[in-house]
Colleague: 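Starting off with a structure, shown below.
This one's a predicted model, so the numbers in the text were calculated from it and none came from an experiment.
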Amino acid sequence: MKIDKITLKNFRNYYGEVSFDLTRKITILHGDNGFGKSSFFDAIEWCFTSKISRMNGTDAEVKRDIFNKRCKFQENEILSVSIEFEGNTLTRWFNVTGNIDHGNDYGNTQVSLSSRDGKLYRGQVDVETFLKQGTLDQTSFGRGNYGQLIKQTFILSQSQVADFVTSEEPSERFRALADIMGFRALLNESDNMKKIHTSLIKQSEVIRNQIISLENSIKGKEEVKKEVDIFEFNKKLYDIGITELDSDLDTQIAQSNRQALADKINAEEFLELYEVMNLERFYTVSIIVNQISKKESIHENLETRREEIKEFLKKINQRTSSLIKERENIQKYNQTRTIIQEKEQELAAYDMNSIDLNKVRENLSVLRKQASSLEFALSFQTTIEQNLEQQKKIAR
């Protein structure tokens, strides 16, 4: 892009309308401080971007700063910057909407571009679309960012040159060059991302070490818990008489229960014997010996009786198994009876004249006999269970 002419009106140090012819190969701006050299480049930046990078504040504050102070700020006073390049004219301006001293404000900033073929583009988006023609047509920029790219590309400020020339360290020169090329924000973002990345790596290492420590702690506690659980488990098994885990646990538990029952019976018999004997009543050894002999005889009789009870209990268990089978047969019978009832209902829907009723009656008679047999077995089971309960009470 070759700028041919710049026209400023009421922009910063330039009161009224001032034009600069830039058609020569080299144009030098020379003057003391405060005579408008920086304002000249600020005007170019503002015309392309609607911003001035070295100025901070709200939009109204920036407008007040760039409006020439010699203006009376009367209504419809205009500040404008026009740049002519390659036959095109880019103009940005705003006006005073009223008397500033009476609380009025500035109007909105307007921008337009008149192309060399006579077309007029209005608004930032349309202007930037025209400026990108033939170069970055397919590239998407944020609103106003393409103008910022043009500014960074074509305008080299004094401070940027000074930073690059006076920098001694390669890293500082690299940053100065990035600023000249318009990559300062990107470079700052990259530095921030590197700091964040480094911080995340450190935090990741700390968390990883914590995880390893916690995993080791959990593993150690699990081992201790297993040892304690096994010790407690073995102790409980030993308390109930189970010493070999490889054998059948159910069998060992049953044996332990039987042994506990036998020990209880022996203890009860011993207490009963002690109470019956009442040793305080005996004064001679012979009397005590006779009493012991009698009690031993009673004990032998009880042992014999206990064996008989065990045998009886064994028979009862066998009979109980038989009754369980009978109960299963009764359940089958009930199922069969239900099926028969369903079939009878189905038969009721058919023509009974075509059915051999005698044969049906014979089958029903057989089924009723089976049902009577099963009901008798069920009643016998109830009697057996009652006898079993009585025998258990006697055994106790």
Side-chain angles (χ1 to χ4, degrees), residues 1 3-20 22 36 38-133 135-137 139-155 157 182 185:
M1 177 186 291
I3 298 177
D4 299 317
K5 183 179 180 180
I6 296 178
T7 301
L8 311 178
K9 184 176 182 179
N10 296 328
F11 186 89
R12 288 181 61 81
N13 290 2
Y14 298 95
Y15 177 65
E17 186 172 290
V18 181
S19 297
F20 294 86
L22 304 178
S38 298
S39 297
F40 176 83
F41 292 101
D42 290 341
I44 298 175
E45 179 179 0
W46 183 78
C47 188
F48 277 114
T49 67
S50 187
K51 298 176 183 178
I52 298 176
S53 56
R54 64 194 188 94
M55 289 187 179
N56 297 321
T58 64
D59 183 63
E61 291 172 345
V62 172
K63 287 179 178 178
R64 180 182 291 274
D65 289 339
I66 66 176
F67 217 111
N68 187 273
K69 300 300 185 290
R70 287 183 289 174
C71 292
K72 296 181 180 181
F73 295 103
Q74 296 300 319
E75 189 173 357
N76 294 325
E77 282 281 8
I78 294 177
L79 180 149
S80 64
V81 177
S82 296
I83 298 177
E84 297 180 16
F85 61 97
E86 300 171 356
N88 307 303
T89 302
L90 173 65
T91 304
R92 189 179 298 273
W93 76 95
F94 65 86
N95 65 325
V96 177
T97 58
N99 193 315
I100 299 300
D101 296 332
H102 292 83
N104 294 323
D105 206 344
Y106 301 98
N108 294 328
T109 302
Q110 306 292 325
V111 62
S112 65
L113 188 144
S114 177
S115 65
R116 57 177 170 267
D117 55 5
K119 293 183 179 179
L120 182 64
Y121 299 87
R122 294 182 180 276
Q124 187 68 34
V125 176
D126 290 344
V127 168
E128 289 189 355
T129 301
F130 174 82
L131 294 174
K132 290 191 298 181
Q133 289 180 1
T135 54
L136 300 170
D137 303 58
T139 305
S140 177
F141 293 88
R143 184 182 179 88
N145 289 337
Y146 184 70
Q148 184 67 24
L149 176 63
I150 293 175
K151 179 261 178 185
Q152 292 292 147
T153 304
F154 292 99
I155 303 175
S157 68

Colleague: Would you call the rings of W46 and F94 parallel, tilted or perpendicular, taking 30° and 60° as the class edges?
Modeller: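 Taking F94 first and then W46, their aromatic rings stand perpendicular (interplane angle over 60°).
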
Colleague: Closest heavy-atom contact between G57 and V62?
Modeller: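 Taking G57 first and V62 second, the nearest heavy atoms are O-CG2, 4.1 Å.
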
Colleague: Would you name the heavy atoms of N13 and G36 that are closest together and state the gap between them?
Modeller: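 Taking N13 first and G36 second, the nearest heavy atoms are ND2-N, 3.3 Å.
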
Colleague: In sequence, state the C-alpha distance, the side-chain angles, and the governing distance for Q124 and R92, and then conclude on side-chain contact (heavy atoms from CB on, under 4.5 Å).
Modeller: CA-CA 10 Å; Q124 187 68 34; R92 189 179 298 273; 2.8 Å; yes

Colleague: Which heavy atom in S39 sits nearest to a heavy atom in F11, and how many Å separate them?
Modeller: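 Looking at all heavy atoms of both residues, the shortest contact is O-CE2, 3.4 Å.
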
Colleague: Is T109 close to K63 at the side-chain level, that is, under 4.5 Å between some pair of heavy atoms?
Modeller: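 The answer is yes; the side chains approach within 4.5 Å.
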
Colleague: Is the shortest heavy-atom distance from the side chain of S112 to the side chain of W93 under 4.5 Å?
Modeller: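 A side-chain contact exists here, since the closest heavy-atom pair is under 4.5 Å.
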
Colleague: Looking only at heavy atoms, what is the nearest atom pair of Y106 and A60, with distance?
Modeller: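 Minimum heavy-atom separation between Y106 and A60: CE1-O, 4.1 Å.
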
Colleague: Please lay out, stage by stage, how L113 and D126 fare under the test side-chain contact (heavy atoms from CB on, under 4.5 Å).
Modeller: CA-CA 9 Å; L113 188 144; D126 290 344; over 6 Å; no

Colleague: As a test of understanding, state which of N10, L79, V81, D42 forms a side chain to side chain contact (heavy atoms under 4.5 Å, CB included) with I66.
Modeller: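 Filter result, single survivor: L79.
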
Colleague: Yes or no on side-chain contact (heavy atoms from CB on, under 4.5 Å) for E77 and F67, after CA distance, side-chain angles and deciding distance?
Modeller: CA-CA 10 Å; E77 282 281 8; F67 217 111; 4.0 Å; yes

Colleague: Has the side chain of N68 got a donor or acceptor atom that lies under 3.5 Å from a matching backbone atom of R12?
Modeller: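 Yes, the answer is positive, given that a donor and an acceptor are paired below the 3.5 Å cut-off.
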
Colleague: Should the ring pair F40 and F20 be called parallel, tilted or perpendicular, given that the plane angle runs from 0 to 90° and is split at 30 and 60?
Modeller: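 It falls in the perpendicular class, over 60°.
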
Colleague: Please determine whether the number of non-hydrogen atoms from other residues, nucleotides or ligands lying under 6.0 Å from atom CG of N108 exceeds 12.
Modeller: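 Not buried by this count: 12 neighbours or fewer within 6.0 Å.
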
Colleague: What pair of heavy atoms forms the shortest contact from E86 to D4, and how long is it?
Modeller: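 In this case the closest contact between E86 and D4 is N-OD2, 3.3 Å.
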
